[in-house]
Amino acid sequence: MSIRLDVADNTDFDYVQENGLPEIFNEVLDDVLAKKPEKENVSSVMATFLAPKPKPSRFLKIGNTPLVEVPSPNPLVKIFVKCEFVNPTGSIKDRIAQHMLSVAEAEGKIIRGKTTVIAASSGNTGSAIAMACSTRGLKCKIFTNSKCSKEKIDAVKAFGGEIIVGPTGIAADHPDHYQNLAVAAARQPDTFDVDQYDNQRNPEAYYKSLGPEIWDQTEGKVTHFIAAGSTGGTISGVGKYLKEQNSDIKVILSDPHGSCFSDYYKTGDHTGASSFLIEGVGKDSIPGAMNFGIVDYAIQISDAQAVKTCHDLACNEGLLTGGSSGLNVAAAREIAMTLTEPATIVTICPDTGLKYLSKYYNDQWLEEQGVHLDEERYLSCKRYKAPMVWGPEMKCPDLNNNA
């Protein structure tokens, strides 16, 4: 069966022919006849057929990640985790890699086949950038330090990226610090520095995607948002969006013992960082992408508690996650125990545990690092410290000016 189109005006006739309208309408008719919907559903079937079909792309898989409930120690409080490890490279950083490169390319700062992309990264941004570059005909150089897991280093190489590994445990202003190595490399011609630590496109990516997802998936019921910081992009972007929807939402920074963030939260100053094992969170300096103005509380969690929580999530919830996920969920549970009214906490599982099989899930490595997860030795092990919560009354007042 076919549709006949009668068009009186020659101009309209030309338009109909040039745009293939007879063929389109006949295809719609065939589709409707094949489905034979009820009369009230005919329009929706036609609309579905006529809707533009998205072109196949791996980037359609970035974001819209599951929100999963995990056990809470407080029956009044629900805890949900955003499973960012289902993104293409297994981490939350795919969001900023796609957004920052797309914006830079639109602004003419990146030219395919010519520009080399430079990125300093603790690992996840590196592999996300390497993947994004591989699809755009771009070379990339990733700078990290020796704390980065072998799995994350190998992932950058697998995507065709070049990776330079600097030393760990050196001062933030040392020329061999991995961030400074990246800055030096970006002075070369035909390069673009992602600069995730200071680039405001970083929190913007989360403001535009992750924040709205959390708000929609909780149907606006989220009361507390908890995230660790490294660049500060996640907590700053999501925190800003959520507070714009409901100013009563509490934004809580989870931080490893040893990071400088908690000291900065309390005093507006810091003396650098001491040793901690959890990758991709905590810092030895304050990034420009980090907005302490929207942070209501800070909570410090030890390496041992973060790793123990990772093992709990894997063994009891089927969630194989990285150390930062353990840190965030441990923080969420600690905060839940302080609440006396019904609440909905949302936190982030930033990456997959497959990136850390040689570390947080390796008994020998844990033993060497002084992390003991057995009941007898856990509380007395080298890497355990009691969690510490710092509330608004402890926050440096000057930091509220940035909100």
Side-chain angles (χ1 to χ4, degrees), residues 68-75 77-81 83 85 122 147-151 168-169 224 226-230 252-263 273-283 297-339 345 347-390:
V68 175
E69 187 172 3
V70 296
S72 167
N74 184 344
V77 179
K78 291 186 175 183
I79 299 175
F80 293 90
V81 297
C83 298
F85 51 80
S122 57
K147 184 178 178 180
C148 183
S149 74
K150 181 179 184 299
E151 291 89 340
T168 191
H224 297 72
I226 298 176
S230 175
I252 301 165
L253 172 69
S254 54
D255 200 32
H257 277 289
S259 165
C260 75
F261 283 155
S262 294
D263 285 343
S274 57
S275 172
F276 56 93
L277 301 177
I278 302 304
E279 290 187 33
V281 290
K283 209 73 184 74
Y297 293 80
I299 176 170
Q300 291 179 289
I301 298 292
S302 69
D303 290 325
Q305 187 173 0
V307 173
K308 189 175 181 66
T309 305
C310 284
H311 284 246
D312 170 66
L313 291 173
C315 294
N316 298 314
E317 305 303 321
L319 299 173
L320 185 64
T321 63
S324 55
S325 302
L327 182 89
N328 284 337
V329 174
R333 288 172 172 170
E334 293 292 337
I335 294 297
M337 288 189 287
T338 70
L339 302 177
I345 296 175
T347 190
I348 306 295
C349 285
D351 64 1
T352 173
L354 294 174
K355 296 171 180 272
Y356 308 97
L357 295 179
S358 63
K359 300 183 81 172
Y360 310 136
Y361 298 96
N362 182 293
D363 291 341
Q364 181 180 340
W365 186 87
L366 291 175
E367 188 75 26
E368 291 171 353
Q369 300 300 323
V371 177
H372 304 306
L373 303 182
D374 56 282
E375 237 177 84
E376 294 77 15
R377 297 186 295 168
Y378 171 62
L379 292 178
S380 61
C381 77
K382 173 184 175 183
R383 293 291 180 172
Y384 176 81
K385 288 185 178 180
M388 302 185 73
V389 180
W390 310 101

TODO: Just do the ring pair (Phe, Tyr, Trp, His ring centres under 6.0 Å) check on Y361 and Y356 with the steps written out, would you?
DONE: CA-CA 7 Å; Y361 298 96; Y356 308 97; 8.0 Å; no
In Å, rounded to the nearest 0.5 Å, how long is the span from [atom1] of [X] to [atom2] of [Y]?
{"X": "K382", "Y": "S275", "atom1": "NZ", "atom2": "OG", "result": "7.0 Å"}
{"X": "L379", "Y": "S302", "atom1": "CG", "atom2": "OG", "result": "9.5 Å"}
{"X": "Y297", "Y": "T338", "atom1": "OH", "atom2": "OG1", "result": "7.5 Å"}
{"X": "I348", "Y": "T321", "atom1": "CD1", "atom2": "OG1", "result": "12.5 Å"}
{"X": "E279", "Y": "S230", "atom1": "CD", "atom2": "OG", "result": "10.5 Å"}
{"X": "C381", "Y": "R377", "atom1": "SG", "atom2": "CZ", "result": "8.5 Å"}

Listed by chain and number, what are the side-chain hydrogen bond (donor to acceptor under 3.5 Å, both in side chains) partners of [X], not counting sequence neighbours?
{"X": "E368", "value": "Q364"}
{"X": "Y360", "value": "none"}
{"X": "S254", "value": "N328"}
{"X": "N316", "value": "D312"}

Considering only heavy atoms from C-beta outward, does the side chain of [X] approach that of [Y] to under 4.5 Å?
{"X": "K283", "Y": "F261", "value": "yes"}
{"X": "Q300", "Y": "W390", "value": "yes"}
{"X": "S259", "Y": "V281", "value": "no"}
{"X": "I79", "Y": "R333", "value": "yes"}
{"X": "E69", "Y": "F80", "value": "yes"}
{"X": "L319", "Y": "F85", "value": "yes"}

Report all side-chain donor-acceptor pairs from residues 303-310 shorter than 3.5 Å, counting only partners two or more places apart or in another chain.
unit_1: D303; atom_1: OD1; unit_2: L277; atom_2: N; d: 3.0
unit_1: D303; atom_1: OD1; unit_2: I278; atom_2: N; d: 3.4
unit_1: D303; atom_1: OD2; unit_2: L277; atom_2: N; d: 3.0
unit_1: D303; atom_1: OD2; unit_2: R383; atom_2: NH1; d: 3.4
unit_1: Q305; atom_1: NE2; unit_2: E334; atom_2: OE2; d: 2.9
unit_1: K308; atom_1: NZ; unit_2: L373; atom_2: O; d: 3.1
unit_1: T309; atom_1: OG1; unit_2: Q305; atom_2: O; d: 2.7

Task: Taking every non-hydrogen atom, the tightest pair across I345 and A332 - done: CD1-O, 3.6 Å
- [ ] Spell out, as yes or no, whether a donor-acceptor pair under 3.5 Å connects the side chain of T347 to the backbone of I226.
- [x] yes
Open item on the list: Check whether H257 reaches the backbone of Y384 with its side chain - one donor and one acceptor, N or O, closer than 3.5 Å.
Closed with: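 The answer is no, because no donor-acceptor pair under 3.5 Å joins these two groups.
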Task: Selection residues 318-328 - residue pairs positive for salt bridge (charged side-chain N to carboxylate O under 4.0 Å, His left out), sequence neighbours left out - done: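 Sorted pair list comes back empty.
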